[in-house]
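What follows is one structure encoded as structure tokens, with my remarks underneath.
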Amino acid sequence: MATPIAARRLQRELAALAREPVPHIVARPLEDNILEWHYVIAAAADTPYAGGHYHGRLRFPADYPLRPPAVLMLTPSGRFKTNRRLCLSMSDFHPESWNPMWSVATILTGLYSFMLEDAPTLGSVDATAAQRRELAARSLAFNVRDDQFRRLFPELVAEHDARREAAAAAAPPAGAAAAAAAAAP
């Protein structure tokens with residue numbers, strides 16, 4: 001359970017994110033637990049993660065902002081292990097470097113920046129740019145299978161569904177491809 005200070009601080013940060021969204025990132029707490037936030041990083045077009053939507057979780061300690069949160073990535077990205085705490089200067093792996101002035105926006109901006117680098121850390125993985133692009137292409141379909149994601153990010157579920165409908169409409173009917181192949185000389 002959050003202390004009153006932590007709850008007020010996280011509510012203020014939620015309001016600040018609503019007023020001034022972080023580019024490429026959206027973050028929302030669980031309705032029944034202000035100490036657990038979920039985020040989605042929508043990678044920029046000029047990165048190996050282009051088109052990807054990377055879902056993750058921030059777990060705040062009850063006495064936040066005095067101590068840092070745990071940072072986890074849930075979507076396979078080719079950069080971080082999934083569902084494992086990440087060793088970052090602004091995570092609970094390094095409480096000695098934590099600054100209570102940092103916010104959810106600061107943490108997620110730092111995470112995204114670190115994602116774009118290749119510096120190794122506990123929780124990182126190696127992958128080629130091609131592998132990262134392939135994971136990016138599958139990321140939204142991966143995320144929509146998660147109930148938390150579906151509840152917290154319905155606009156991204158709608159985007160996924162619209163993409164699937166557009167792809168289905170653009171594809172020839174299954175029987176038509178087989179008939180065309182059979183009719184070819």
Side-chain angles (χ1 to χ4, degrees), residues 1-47 49-77 79-80 82-86 88-95 97-117 123 136 139-164:
M1 182 169 200
T3 64
I5 292 170
R8 280 193 306 272
R9 168 74 179 262
L10 289 166
Q11 287 293 345
R12 281 195 312 268
E13 291 189 35
L14 181 60
L17 284 171
R19 282 190 314 276
E20 293 181 43
V22 177
H24 305 288
I25 301 171
V26 61
R28 297 178 182 139
L30 295 181
E31 263 186 50
D32 60 350
N33 184 2
I34 192 73
L35 295 175
E36 183 173 322
W37 287 50
H38 287 249
Y39 64 85
V40 176
I41 296 173
D46 59 343
T47 72
Y49 309 98
H53 291 81
Y54 302 96
H55 175 213
R57 182 172 48 226
L58 301 174
R59 290 190 317 230
F60 292 92
D63 60 350
Y64 176 80
L66 300 178
R67 291 187 306 129
V71 179
L72 298 91
M73 178 74 68
L74 304 175
T75 307
S77 65
R79 176 66 173 116
F80 300 116
T82 58
N83 211 18
R84 300 259 173 90
R85 290 174 34 238
L86 302 177
L88 306 167
S89 62
M90 71 290 235
S91 76
D92 62 345
F93 266 94
H94 292 287
S97 64
W98 173 248
N99 182 339
M101 296 302 293
W102 290 342
S103 64
V104 172
T106 306
I107 295 162
L108 293 174
T109 299
L111 173 63
Y112 183 45
S113 181
F114 193 74
M115 184 176 177
L116 299 177
E117 298 173 5
S139 63
L140 202 49
F142 177 88
N143 292 333
V144 297
R145 297 188 317 229
D146 182 272
D147 289 337
Q148 289 282 30
F149 181 90
R150 294 182 72 79
R151 276 192 298 281
L152 290 168
F153 306 105
E155 71 281 8
L156 294 174
V157 174
E159 180 180 328
H160 171 261
D161 293 346
R163 286 182 188 180
R164 278 190 6 173

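Computed over heavy atoms, backbone and side chain alike; hydrogens, waters and symmetry mates excluded.
- Checked by atom type and distance alone, the side chain of Thr82 never pairs as donor or acceptor with a backbone atom of Pro76 at under 3.5 Å.
- By the 4.5 Å heavy-atom criterion applied to side chains, Glu159 and Glu155 are not counted as neighbours.
- A donor-acceptor contact shorter than 3.5 Å is absent between the side chain of Thr109 and the backbone of Thr106.
- Atom CZ of Arg145 and atom CG of Leu140 lie 11.5 Å apart (nearest 0.5 Å).
- Using a 4.5 Å heavy-atom threshold, the side chains of Leu58 and Glu36 count as separate.
- In this structure a side-chain-to-backbone donor-acceptor pair under 3.5 Å is missing from Asp63 to Leu66.
- The main-chain N or O of Leu30 is never found under 3.5 Å from a side-chain atom of Arg151 such that the two would form a donor-acceptor pair.
- In terms of heavy-atom proximity, Pro95 sits nearest to Pro68 at CA-CG, 4.0 Å.
- Around CZ of Arg164, the count of heavy atoms belonging to other residues, nucleotides or ligands within 6.0 Å does not exceed 12.
- A distance-only check finds no donor-acceptor pair linking the side chain of Arg67 to the backbone of Pro61 [under 3.5 Å].
- In this structure, His53 and Ile41 have side chains that are not in contact, with every pair of non-hydrogen atoms separated by 4.5 Å or more.
- Ring orientation note: the planes of Phe60 and Tyr64 are nearly perpendicular, at an angle over 60° on the 30°/60° scale.
- A cation-pi contact, defined as under 6.0 Å to the ring centre and within 45° of the axis, is absent between Arg28 and Phe153.
- Across every non-hydrogen atom of Ala62 and Leu35, the tightest pair is CA-CD1, 4.0 Å.
- With rounding to the nearest 0.5 angstrom, the CG atom of Leu108 is 13.5 Å from the CH2 atom of Trp102.
- No donor-acceptor distance shorter than 3.5 angstrom exists from the side chain of Arg79 to the backbone of Tyr49, with no hydrogens or angles considered.
- Looking only at distances, a side-chain donor or acceptor of Arg150 sits under 3.5 Å from a matching main-chain atom of Val144.
- With a 4.5 Å cut-off on side-chain heavy atoms, His55 and Asp146 count as touching.
- Under the 4.5 Å side-chain criterion, counting only non-hydrogen atoms from C-beta, Tyr54 is not in contact with Ile25.
- A donor and an acceptor atom, one from each side chain of Gln11 and Arg8, are nowhere located under 3.5 Å apart.
- Using cut-offs of 30° and 60° on the angle between ring planes, the pair His24 and Tyr112 is tilted.
- Looking at every heavy atom in both residues, Ala136 comes nearest to Ala50 through CB-O, 3.5 Å.
- Within 6.0 Å of CD in Glu117 there are more than 12 heavy atoms belonging to other residues, nucleotides or ligands.
- Taking every heavy atom of both residues into account, Ser77 and Met115 meet most closely at CB-CE, 4.0 Å.
- Considering only heavy atoms from C-beta on, Tyr39 comes within 4.5 Å of Leu111 through its side chain.
- Asn83 and Arg57 form a side-chain donor-acceptor contact under 3.5 Å, judged by distance and modelled atom types alone.
- Without hydrogens or angle criteria, Ser91 side chain to Leu86 main chain gives a donor-acceptor distance under 3.5 Å.
- A side-chain donor-acceptor contact under 3.5 Å links Glu13 to the backbone of Val104.
- Distance OG/Ser97 to CG/Leu88: 9.5 Å, rounded to 0.5 Å.
- Using a 4.5 Å heavy-atom cutoff, the side chains of Pro154 and Phe149 are not in contact.
- Contact of the Pro29 side chain with the Leu10 side chain is not registered, since no non-hydrogen atoms from C-beta on lie closer than 4.5 Å.
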